[in-house]
Amino acid sequence: MSTFPIYRPRRLRGNENLRRLVRETALSIDDLIYPMFVVHGHNTATEISAMPGCYQYSVDTLVMAAKELAALGIPGTILFGIPESKDPLGSEAYADDGIIQQAVRAIKDAVPDLLVMTDVCLCEYTDHGHCGVIEAGDVQNDPTLELLVKESLSHARAGADVIAPSDMMDGRVGAIREALDENGYENIPIMAYSAKYASAFYGPFREAAESAPQFGDRRSYQMDPPNAEEALREVALDIQEGADILMVKPALSYLDVILRVKTEFQVPVAAYNVSGEYAMVKAAAQNGWIDEERVALELLTSIKRAGADMILTYFAKSVVEWL
Ligand code: PBG
């Protein structure tokens, strides 16, 4: 490569059309998945205080929101459910008349083309708020797998297009893949939350999903934030077990992990721009301290540039407006 004064990098920055031509990364509507929360009840949409613009919907208003997503051209949504009541084994998670199962059926009925992904986890449904079966004060891995399999199958029966396990139990992707295949759902993809960290950035989500752990924390199953090689091992396992899309979560503090996953394994990578990442931007923007549109687009573009093929983000609807 030639050097200054022959090479002057500023030459290609001189005007917007030049910049457009040499731009390396383009964020697009095609990259977006919009997360939504659903509760029991009728005709309600309760705004989540730490996530302005995001709501807990009842099934009927959720269907209206789903229609809006389809009209905006957003490819898909991922759903989180808040049950009527919680118990130690999170039984509504795998009930065929549970809130998610009702929501999936209603959306697939009204807006069949919108991709409906379902988060498979127990923390919203258990009274202790952990992502699995508790014995001796900790989440038990293998007994939890059985419940996650039941939950995945009930989502598939309701019509879910993609199953997304977020619990971080060992072996869950393989167990779910096998059960889906045995029951005729071999064409339903699994989007695995493969590198999911025990992050403080989930704070607002736990208000939204009413899923904060009632004792302890999630560090015995979610990953330790300082680790990146371990993320590659988690991803390798999930690929072997049959995952189709591999997720890194959160996104912004883990851009290095996104890059390494994409470089090491040429697989579809999803990144979750989580609730705390959204809340920080919203709060600063509401104070007039930053420009929401520019900051959000810069952040989402950085996730894409790091190697994400798709982004789960609460900004999805705004992005369509901004682009
Ligand atoms: C469920 C789950 C969580 C999120 C997605 N699925 C919370 C958690 O693990 O505590 C977080 C999403 C967000 O913060 O936006 N296990």
Side-chain angles (χ1 to χ4, degrees), residues 32-38 48-56 77-83 86 90 92-94 99-100 117-126 128-134 139 141 144-145 147-148 151-152 155 160 162-169 172-173 176 190-225 234 245 247-254 270-283 296 299-300 303 308 310-316:
L32 305 172
I33 299 165
Y34 185 65
M36 297 198 290
F37 302 92
V38 56
I48 299 151
S49 61
M51 301 170 69
C54 297
Y55 299 83
Q56 289 180 333
T77 179
I78 182 162
L79 299 181
F80 298 92
I82 294 107
K86 302 181 189 238
E92 196 181 314
Y94 37 91
I99 187 66
I100 281 293
M117 311 183 165
T118 55
D119 184 85
V120 168
C121 198
L122 294 170
C123 59
E124 298 107 286
Y125 304 91
T126 52
H128 44 72
H130 279 286
C131 304
V133 178
I134 298 282
V139 174
N141 197 85
T144 301
L145 295 183
L147 301 185
L148 296 169
E151 184 177 2
S152 302
H155 291 182
V162 177
I163 298 292
S166 73
D167 50 280
M168 287 302 276
M169 296 303 117
R172 91 277 208 210
V173 172
I176 293 170
I190 294 178
M191 175 167 71
Y193 288 69
S194 302
K196 177 175 179 183
Y197 288 88
S199 170
F201 286 100
Y202 307 151
F205 174 94
R206 291 181 188 170
E207 176 207 328
E210 300 173 13
S211 65
Q214 299 303 301
F215 67 89
D217 53 44
R218 303 210 201 288
R219 287 181 230 207
S220 81
Y221 42 105
Q222 298 182 349
M223 280 183 55
D224 198 18
E234 282 279 9
I245 300 171
M247 193 200 296
V248 176
K249 173 183 175 203
L252 294 173
S253 288
Y254 302 88
Y272 202 139
N273 175 223
V274 301
S275 58
E277 298 172 336
Y278 175 80
M280 290 194 300
V281 175
K282 283 286 184 185
L299 291 174
L300 294 167
I303 297 169
M310 64 198 89
I311 307 173
L312 296 86
T313 179
Y314 305 98
F315 284 115

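If you're wondering where the values come from, they're calculated on a predicted model, not measured in any experiment. We count ligands from 1, going down the list as the structure has it; atoms in each ligand are counted the same way.
Proximity of Cys123 to ligand 1, defined as any heavy-atom pair under 4.0 Å, is confined to the side chain (atoms from C-beta onward). Counting heavy atoms under 4.0 Å from ligand 1, residue Asp119 touches it through the side chain alone. If you look at Phe80 next to ligand 1, the close heavy atoms, those under 4.0 Å, all belong to the side chain.
The two atoms that bring Tyr34 and Cys54 nearest to each other are OH-SG, 4.1 Å, heavy atoms only. Considering every non-hydrogen atom in both Lys86 and Glu124, the closest pair reads NZ-O, 2.9 Å.
In this structure, Glu277 does not count as a contact residue of ligand 1, since none of its heavy atoms falls inside 4.0 Å of the ligand. At least one heavy atom of Arg218 lies less than 4.0 angstrom from ligand 1. Every heavy atom of Tyr278 sits 4.0 Å or more from the atoms of ligand 1.
Ring geometry for Tyr254 against Tyr197 counts as parallel: the plane angle stays under 30°, on a 0 to 90° scale with 60° as the upper cut.
The nearest protein atom to atom 12 (C) of ligand 1, hydrogens excluded, is given as Phe205 CD1, 3.3 Å; this is a heavy-atom distance.
Looking at His130, its side chain does come within 3.5 Å of a backbone N or O of Phe215 through a donor-acceptor pair. Although no hydrogens or angles enter the test, the distance criterion places no donor-acceptor pair under 3.5 Å between the side chain of Glu277 and the main chain of Phe201.
In this structure, the side chains of Tyr202 and Arg218 stay at 4.5 Å or more apart for every pair of heavy atoms. Looking at Met169 and Leu122, their side chains never come closer than 4.5 Å, going by heavy atoms from C-beta outward.
Within ligand 1, counting atoms from 1 as listed, the ones closer than 4.0 Å to a heavy atom of Lys196 are 1 (C), 2 (C), 3 (C), 6 (N), 8 (C), 9 (O), 16 (N). Every atom of ligand 1 with a heavy atom of Lys249 under 4.0 Å away is listed here by number and element: 2 (C), 3 (C), 4 (C), 5 (C), 6 (N), 11 (C), 12 (C). Annotation for ligand 1: atoms under 4.0 Å from non-hydrogen atoms of Tyr272 are 12 (C), 15 (O).
The side-chain contact (heavy atoms from CB on, under 4.5 Å) test with Ser166 is passed by exactly one of Leu148, Val120, Asp119: Asp119.
Comparing heavy-atom distances from atom 13 (C) of ligand 1 across Ser199, Ser275, Gly276, Ser166 singles out Ser275 as nearest.
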